[in-house]
Amino acid sequence: MRRLLLRLFPAPWRARYGEEFEALLEERPLGPFDVADVLLAAFDAHLNLRGLTAASNHAKGFVMTLRLAGLAAILGGLAWAAGLAMASADDSDGIGVGIWMFVAGTVLLLFALVGLSAFQSRRHPRLVWAAFIVPAVGGVVTVAGALMMAVSPDDTIVVGFGGWDFWIVGLITLIVGSGLFALASWRTGSVSRTGSALLGVAAAILLIAMPPMFGLVEIPWEPLLSIAFAALLLSFSAGWVVLGLGAIRRDRPSIVVTSGGA
Amino acid sequence: MEPSQPRVPDLGRFAEPALLILVSLTDGPKHGYAIMTDVEAGTGKPMGPGTLYAALARLEARGLIEALAPVDRRRPYKLTAVGETVLGDQLRDLSEFARRGLQRLGREPR
């Protein structure tokens, strides 16, 4: 009887679920209700088989988006900080490797922002997308500024503003905006609250360091600014890396074989 | 750019069994028979084997649950991170719906 019922299902369904389904049917005597239920399920499996393939592909695409965003956050966080540190240490007039690494890192962070926002927006869509806009605009502007500096370092591009102006305004917007993104990420709690906290710390350091950085406030001990800059780089980079690791871990395939819950 | 999320209500007449399965898997991986007995213990209503596997196949195809390696022909299933998020959203929606319903009935203060 069980074998006969199983034969009613389409072959691909039997190949995937047949053995375990047969084991389930052996667990207890089959009543008329169960037989009717299995007949309906077999009918449904024939009707639904095509739809399942499409849905499976959709789910794989969704998981892939999250993994790519996680990878982009890790690589972007590292490249961004390394590039900015190298560019700051470089005293030569030309555009060095550091700036290009910084541009690549920022572009990767933009990819990560889009992917992670898409994942997190399922719970608080308005909050997440609002928090996405500021760092995304900052990222685009700072990349544009870096490219302007590479093409014509000394020229004024738009009404008195040159590449450096765009670069620094975009950079500040990116870091402060990442702090807003961190707040939204903390609220959703979907990826990593540690990563969110680190991004928040980076934004806070920048806000505190900005007045002395632009010479608006005197600081008693000059090295303090360098320490703040290093702490900002580290917390911003680590924040994105931790967020990226959290995103990848969210859908890591199970490698532990369990014996079942009952 | 936002990928549309898989939703439990999209599972048609299997939405309710799917929700019961997801809730059953919240305390750890379970194989088919364990899910059936757990759901029956929780709701007082039996879930047929055909209904169970039709819903399991849909949930797995949508990435809400994940099959683990079989143990003695019985394959345990676990909730994925996406499944956990979708279940949380769905339960919150149901909770809000229930609260409004109770308010209309005058069984809960407004």
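A quick note: this is a predicted structure, and the numbers were derived from the prediction, not measured. The sequence lines fix the lettering, A, B, ..., with proteins before strands; numbering per chain opens at 1.
The neighbour count for A/Arg7 CZ, taken as heavy atoms of other residues, nucleotides or ligands under 6.0 Å away, does not exceed 12. Residue A/Phe33 qualifies as enclosed at atom CZ: its count of foreign heavy atoms under 6.0 Å is above 12. Atom CG of B/Asp27 sits in a crowded spot, with more than 12 heavy atoms from other residues, nucleotides or ligands closer than 6.0 Å.
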Take A/Glu19 and B/Arg75, measure what salt bridge (Lys or Arg N to Asp or Glu O under 4.0 Å) needs, and give me the verdict at the end. CA-CA 9 Å; A/Glu19 198 175 358; B/Arg75 188 186 289 275; over 6 Å; no
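Counting heavy atoms from C-beta on, the side chains of B/Met36 and A/Leu24 come closer than 4.5 Å. Looking only at side-chain heavy atoms (C-beta outward), B/Tyr53 and A/Phe9 stay at 4.5 Å or farther from each other. Side chains of A/Asp44 and B/Arg58 form a contact here, defined as non-hydrogen atoms less than 4.5 Å apart.
A distance-only check finds a donor-acceptor pair linking the side chain of A/Asp37 to the backbone of B/Gly50 [under 3.5 Å].
In terms of heavy-atom pairs under 4.5 Å with chain B, the best-connected choice from A/Leu30, A/Leu25, A/Asp34 is A/Asp34.
In summary, the side chains of B/Tyr33 and A/Glu20 do not present any donor paired with an acceptor at a separation below 3.5 Å, with no hydrogens or angles considered.
Nearest heavy atom pair, residue A/Arg16 against residue B/Ala67, reads NH2-CB, 3.3 Å. Between A/Ala23 and B/Arg73, the closest heavy-atom pair is N-NH2, 3.7 Å. Contact between B/Pro49 and A/Phe21 at its shortest, heavy atoms only, is O-CE1, 3.4 Å.
Judged as a ring pair (Phe, Tyr, Trp, His ring centres under 6.0 Å), and not counting sequence neighbours, the contacts of A/Phe132 are A/Trp129.
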